[in-house]
Amino acid sequence: MCGIFGYIGDKKTAPSMVLTGLKTLEYRGYDSWGVAVVPDSADEKKVIFVKKKAGKIGAATVSDLPPGSLAFGHTRWATHGGVTDKNAHPHLDCTKMIAVIHNGIVENHETLRNELKKKGHVFVSETDTEVIAHLVEEYLKKFSVLPRDAAPAFSKAVQATFKDLDGLNAIIVINTMADEMVAARNGSPLVVGFGTGENFLASDPVALLPYTKQVHFLEDDEMVVVTRQNIHIFNAHSGERIRPKKQLLTWTAEETEKGKFPYFMLKEIHEQPGMLSEIAADSTQQASALARELQKASRIYLVGSGTSGYAARAGSYYFATVGQKITNWSSPTEMHHHIDILPKNAVMLVMSQSGETMDLLDVVKRAKEHGTRVLSLVNVVNSSLWRMSDLSLPIGAGPEKGVASTKAFTATVAQLILMAYAMNNDTKTGQKLVAQAAKATRAVLTEKNVKLIKDVAGSLKNAEHLFVVGRGISYVTVMECALKIKEISYIHAEGVSAGELKHGPLALITKSATCIVYAPNDQHHASAIANAMEMKARGAHIIGVAPTKEDVFDEYIPVPDIGEASIIPNVVVGQLLAYYLTLERGFDPDMPRNLAKSVTVK
Ligand code: F6R
């Protein structure tokens, strides 16, 4: 959830490099930021200089920090302690010679804090993180007898501290005496970047792209000492040296920029037609490989969180109807209840954009302990989920920076369509459908159509509640559209199964209700129109999303009919509607309140 960027090297501009790195990670969502530098000048080197603030980085500068070639920074997503300047990271020890940044939750922070207070440590924030700085200070006193011991003693002190922390944490610590960054990971992601005469640490490889493509993803319980020239990795418990597993990042820095678009979300929405064409052209082989694995399974469990969870749910329709396989769907947090009774030969197919969602990693770990084979579809190659799974395949969406997931959803659904048809030994139809989805999505994104959706958004901007209604696989469409609307425009939107209306939700449908009804040309079309009429009879205003205009629609958004793959253009309509509603209401679609791109806490 938090963004981390650290630099050590030849350049004296480390603070501004760190700030730039943090700005690259801005999309992950945060509520405060901070940068710390060890000044180069001997006079100033006595303490670490820190600048930290609550709020967005926006146009922040760090020109008031002294120059230095060792600096790190952090964007915070509050867990312990309110959103204040004081609670922002980095945190210092009592001597102000040690600074720490942290991602995760120190579960035993209260006990540690009380012990440290008894030893005379003074705390200035309400965070769990601050205990780390004071603990390192305490261990450093114990380990460094002579000044020349400073460097080895420092990494030893960080190691001892890390071992004292309960919970899932990633930490980076610097001090004024040792020219190095010392980091350790358990649960929360950290990646080391290899440069020439300079090295890096980050929570997300995207931040490293302007500097290096050679990286090592830290595994759980790995520690690293990063100096200008060296990267020394070892096990935090045994101390055993670990050879770096160097990986090459495949994305480019340009791909991660907004380009001509005002927001990442709009850029990513518009990338979908091209992306879908590429998936249709390139992904059939990998879909067939995964389909072969799935065919061997006695039962398939599709698992994902949030938008990826809705993609998983769409997959369960395709796997049942096309793949003819009994398929269950679950969010990872609910999946825990099923793990112990998973039958032999069951397969869990997990999907995730980031590959770092803690709830998923948690359930995957348990499934593996149970002996269940875990396959995954992941957008960020080499992420934690990717590395934990028995077999991982890329979703192929390219970098997604908008907090509200868009292209990762359509890419995942496209992959699942290919897979379902491959299970049925009919890769050609799957490929044809995904190619049609690319074309249909392009049609949804024409200027004329976008203007129409924008106008509908304008008419809905003051709505307090929106009911998004659909049947069959369109039930997934409406849940995903409702999620997009609520998370960025803050309008309460509910995805309702049209078949379930009469079992409860209809009670809410009165004169002031606005209902967005999805009625693709499938076996549910007539029922969906009948449901729209029932809602209209109770005074609701009906916005229809369908291939043909129906009398019952008060407003109409056309969408091409592409049979089984219609969910893809249908969801794109919902993405645009959510985006323009958000702008109409004066909010930032890329940075919704309280949310983060990568949910690395439980
Ligand atoms: C919604 C959204 C979230 C994510 C969810 C899972 O727009 O982005 O619901 O889909 O947090 O994230 P990943 O796919 O990274 O596992």
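Note that ligands are numbered from 1 as they come in the structure, with each ligand's atoms numbered from 1 the same way.
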N or O pair under 3.5 Å between V403 and ligand 1: yes
Proximal ligand 1 atoms for E487, defined as those under 4.0 Å from one of its heavy atoms: 1 (C), 7 (O)
Atoms in ligand 1 flagged as close to S308, the criterion being non-hydrogen separation under 4.0 Å: 10 (O), 13 (P), 14 (O)
Side chain proximity check, V322 to M423, heavy atoms < 4.5 angstrom: no
Proximal ligand 1 atoms for S352, defined as those under 4.0 Å from one of its heavy atoms: 13 (P), 14 (O), 15 (O), 16 (O)
Ligand-side contact atoms (ligand 1) for residue partner A404, heavy atom cut-off under 4.0 Å: 7 (O)
Point-to-point distance, once rounded to the nearest 0.5 Å, from CG of L201 to CD1 of I101: 8.0 Å
Residues, nucleotides or ligands: over 12 heavy atoms within 6.0 Å of K454 NZ: no
Atom 11 (O) of ligand 1 - nearest protein heavy atom and its distance: V599 CG2, 3.9 Å
Per-residue contact class, M351 against ligand 1 - non-hydrogen pairs under 4.0 Å: neither
Aromatic ring pairing F200/Y211, orientation class (parallel under 30°, perpendicular over 60°, tilted between): parallel
Note: E271-K267 ion pair, threshold 4.0 Å (strictly below): yes
Any K484 heavy atom less than 4.0 Å to ligand 1: yes
Residues T327 and S316: side-chain donor-acceptor under 3.5 angstrom: no
Check: T333 side chain, S331 main-chain N or O, donor-acceptor pair, under 3.5 Å: no
Among P560, P569, S474, side chain to side chain contact (heavy atoms under 4.5 Å, CB included) partner for P520: S474
Residue and atom name of the nearest protein heavy atom (relative to atom 15 (O) of ligand 1), distance in Å to one decimal: S354 OG, 2.7 Å
Proximity of T307 to ligand 1 by residue part, where a heavy atom lies under 4.0 Å: both
Nearest-option assignment for atom 16 (O) of ligand 1, heavy atoms, candidates V350, T406, T357: T357
Heavy atom of the protein closest to atom 5 (C) of ligand 1 (residue, atom name, distance): S305 O, 3.5 Å
